[in-house]
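Beneath this line is the structure, given in structure tokens, with notes to follow.
In what follows, chains carry the letters A, B, and so on, assigned in the order in which the sequence lines appear, proteins first and then strands, with residues in each chain numbered from 1.
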2 protein chains.
Amino acid sequence: MDQPPLGRRAQQRQQRLAQILAAAEQVFATAGFEGASMAAIAAAAGLPKANLHYYFGTKEALYAALLEELLRLWLSATDAIRPDSAPDAALESYIRAKMEWSRSRPHASKLFANEVLRGAPLLSAHLAGGLRAQVEEKSAVLRGWIAEGRMAPVEPRHLFFAIWAMTQTYADFETQIRLVLDVPALGEREFEDGVATVLRLVLGGLALRA
Amino acid sequence: MDQPPLGRRAQQRQQRLAQILAAAEQVFATAGFEGASMAAIAAAAGLPKANLHYYFGTKEALYAALLEELLRLWLSATDAIRPDSAPDAALESYIRAKMEWSRSRPHASKLFANEVLRGAPLLSAHLAGGLRAQVEEKSAVLRGWIAEGRMAPVEPRHLFFAIWAMTQTYADFETQIRLVLDVPALGEREFEDGVATVLRLVLGGLALRA
DNA sequence: GGAAAGCTTGACCGGGCGGTCAACATAACC
DNA sequence: GGTTATGTTGACCGCCCGGTCAAGCTTTCC
């Protein structure tokens with residue numbers, strides 16, 4: 001919005017903040033809030049520990065800042081679901097976006113999973129607020145499609161739960177999937193198979209496919 | 001297998017072990033391994049902390065014992081999937097069993113989720129061993145059904161990932177589901193809707209339903 | 001150029017953690 | 001009943017954690 005010349009100081013500050021947040025995302029995601037130590041995050045960021053406290057104050061504040069930032073991205077994925085969309089194309093686009101998010105930002109997904117597992121102490125307000133409102137809005141669209149006979153009848157909110165679960169599992173449970181598939185890491189192949197499976201279940205289950 | 005008379009001492013020992021494991025399951029599930037403290041588990045069990053160490057030695061040993069016990073139950077749910085079963089009945093039975101497990105033992109499911117999120121440091125051997133073998137075995141059954149034209153072609157292992165994700169989400173992400181649905185707790189109604197949704201997606205997606 | 005404001009960092013602190021132990025209590029065995 | 005094996009527990013320990021701070025450094029502003 002407003003960046004006049006943006007002085008050298010402000011520039012370095014932005015970079016430091018991003019540097020710390022990136023390190024925190026990685027450490028928090030795999031260690032959880034309690035398991036992560038400020039020392040470990042500092043080491044991952046290549047900065048002294050006291051520096052993190054200068055910018056974020058407390059561990060919890062750093063964690064909260066990270067969650068807020070990621071939640072903004074997370075909520076912006078349902079754009080394709082609009083009343084005038086074609087149901088199959090809209091859902092396919094949504095599923096592909098979710099899957100791509102799991103692939104490109106697995107740490108973010110794991111971070112959410114950790115937070116929700118813990119009872120979402122810092123996120124419950126957002127879940128009951130912004131997320132719930134968005135689900136209600138998009139559910140209304142789906143109910144419209146169902147009423148018009150354009151897709152099979154389902155409880156739309158539970159459909160969202162199912163889609164979230166199936167797509168995020170490729171990030172959150174990556175370890176398990178990797179070990180069962182006996183591959184060193186999830187690659188193109190695995191994600192393509194995953195997308196194909198999820199699309200088949202959702203589109204097929206909703207009678208949006210031959 | 002072998003319980004002769006089973007003396008008073010051995011009886012009390014069994015009870016103590018169960019008592020500690022039950023408390024540990026609850027605390028580890030919501031706090032994670034690092035977040036849980038032996039003091040908290042002891043308090044939940046109504047025993048002094050030193051008593052837990054007498055029976056299990058270390059925190060990690062207690063955690064490992066718990067995981068092993070729960071894994072045994074977890075692996076016993078695929079019994080319905082056999083070559084001579086009807087695909088739709090077998091998968092429906094499997095899904096219902098998984099969903100019931102999420103409902104009756106949410107702590108156990110959360111415990112697994114926590115462990116896998118952390119990279120499964122204590123479970124990776126079992127995942128690459130027993131679980132993988134079981135998935136391969138059951139996948140072979142599904143491939144047989146597909147070859148006979150009794151269900152739509154899918155990568156069976158990814159189908160399992162999808163079913164696990166959809167069913168376990170009702171335990172692991174219970175907080176999120178509860179907040180989005182705006183209910184104080186997940187009850188019969190919510191689980192029935194969940195079962196119906198998962199069944200529709202899986203059976204419909206695999207062309208096992210009208 | 002000099003003062004003020006913002007940033008960096010090693011050293012330090014109290015508290016809570018997992019784990020230990022010695023002293024005691026209770027059950028089992030002859 | 002006395003001896004031994006097993007269970008119980010409060011008190012304690014060293015360690016690592018999140019957080020603080022003062023001293024020094026760098027940029028900004030006049």
Side-chain angles (χ1 to χ4, degrees), chain A residues 2-28 30-67 114-115 118 121-122, chain B residues 2-28 30-67 114-115 118 121-122:
Chain A
D2 57 324
Q3 47 259 68
L6 197 62
R8 216 158 77 213
R9 211 105 201 217
Q11 222 170 17
Q12 279 205 356
R13 183 182 178 88
Q14 292 288 71
Q15 196 208 318
R16 280 270 184 274
L17 289 173
Q19 184 181 0
I20 294 170
L21 285 171
E25 179 178 327
Q26 184 196 322
V27 175
F28 277 131
T30 51
F33 177 75
E34 311 272 0
S37 72
M38 290 299 275
I41 298 171
L47 293 172
K49 181 166 66 93
N51 208 326
L52 310 204
H53 279 104
Y54 174 75
Y55 280 106
F56 288 96
T58 69
K59 180 185 179 182
E60 189 172 316
L62 168 56
Y63 183 71
L66 192 52
L67 278 180
N114 260 310
E115 172 68 4
R118 297 175 52 74
L122 296 183
Chain B
D2 56 323
Q3 50 253 68
L6 196 62
R8 214 157 78 211
R9 211 106 200 216
Q11 224 170 15
Q12 279 203 357
R13 184 183 179 87
Q14 291 289 70
Q15 195 208 318
R16 279 271 184 274
L17 289 173
Q19 182 181 1
I20 294 170
L21 285 171
E25 180 179 326
Q26 183 196 319
V27 175
F28 277 132
T30 51
F33 177 74
E34 310 272 1
S37 72
M38 291 298 275
I41 298 171
L47 292 172
K49 181 167 67 95
N51 208 325
L52 310 204
H53 280 104
Y54 174 77
Y55 281 105
F56 289 96
T58 68
K59 180 185 177 183
E60 188 172 317
L62 168 56
Y63 183 72
L66 192 51
L67 278 180
N114 260 310
E115 172 66 5
R118 295 175 51 75
L122 296 182

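Ring pair A:Tyr63/A:Phe28 is perpendicular by interplanar angle, where above 60° counts as perpendicular and below 30° as parallel.
Atom-to-atom, OH of A:Tyr55 to C1' of C:dT8 comes out at 9 Å; the value is rounded to the nearest Å. Distance B:Leu52 CG to D:dG10 C1': 14 Å, rounded to the nearest Å. Across the protein-nucleic acid pair, B:Arg16 atom CZ and C:dA27 atom P stand 12 Å apart, rounded to whole Å. The distance from atom CD of B:Gln14 to atom P of D:dT6 is 16 Å, rounded to the nearest whole Å. Regarding B:Phe28, its CZ atom lies at a distance of 13 Å from the P atom of C:dC17, rounded to whole Å. For the pair A:Phe56 CZ and D:dG18 P, the computed distance is 16 Å after rounding to whole Å. Distance, B:Glu34 CD to D:dG18 C1': 15 Å, rounded to whole Å. Atom pair A:Phe33:CZ and D:dC17:P shows a separation of 14 Å (rounding to whole Å applied).
Closest to the B:Lys59 side chain, of the nucleotides C:dG19, D:dC21, C:dC17, is C:dG19. Among the nucleotides C:dG18, D:dC17, C:dT8, the one closest to the side chain of B:His53 is C:dG18. Side chain of B:Ala50, nearest nucleotide from C:dG6, C:dG18, C:dT20: C:dT20.
For D:dG7, the OP1/OP2 oxygens have a side-chain nitrogen or oxygen of B:Arg13 closer than 4.0 Å. A sub-4.0 Å separation between OP1 or OP2 of D:dA5 and a side-chain N or O of B:Arg9 is absent. The shortest distance between the side-chain N/O atoms of B:Tyr54 and the OP1/OP2 oxygens of D:dT8 is not below 4.0 Å.
Rounded to the nearest 0.5 Å, atoms CD (B:Gln12) and CG (B:Leu17) are 11.5 Å apart. In this structure, CE in B:Met38 is found 8.0 Å from NZ in B:Lys49, a value given to the nearest 0.5 Å.
Comparing B:Lys49 and A:Leu47 by the nucleotide of DNA chain C that holds the closest heavy atom to each, the one mapping nearer the 5' end is A:Leu47. The residue among B:Met38 and B:Gln12 whose nearest nucleotide of DNA chain C lies closer to the 5′ end is B:Met38.
Considering all non-hydrogen atoms of both residues, B:Ala36 and B:Ala31 come closest at N-CB, 3.7 Å. In terms of heavy atoms, B:Arg16 sits closest to B:Asn51 at NE-ND2, 4.3 Å.
Looking at heavy-atom distances under 4.0 Å, B:Ala61 makes no contact with the nucleic acid at all. A:Ala42 comes within 4.0 angstrom of nothing in the nucleic acid, heavy atoms only.
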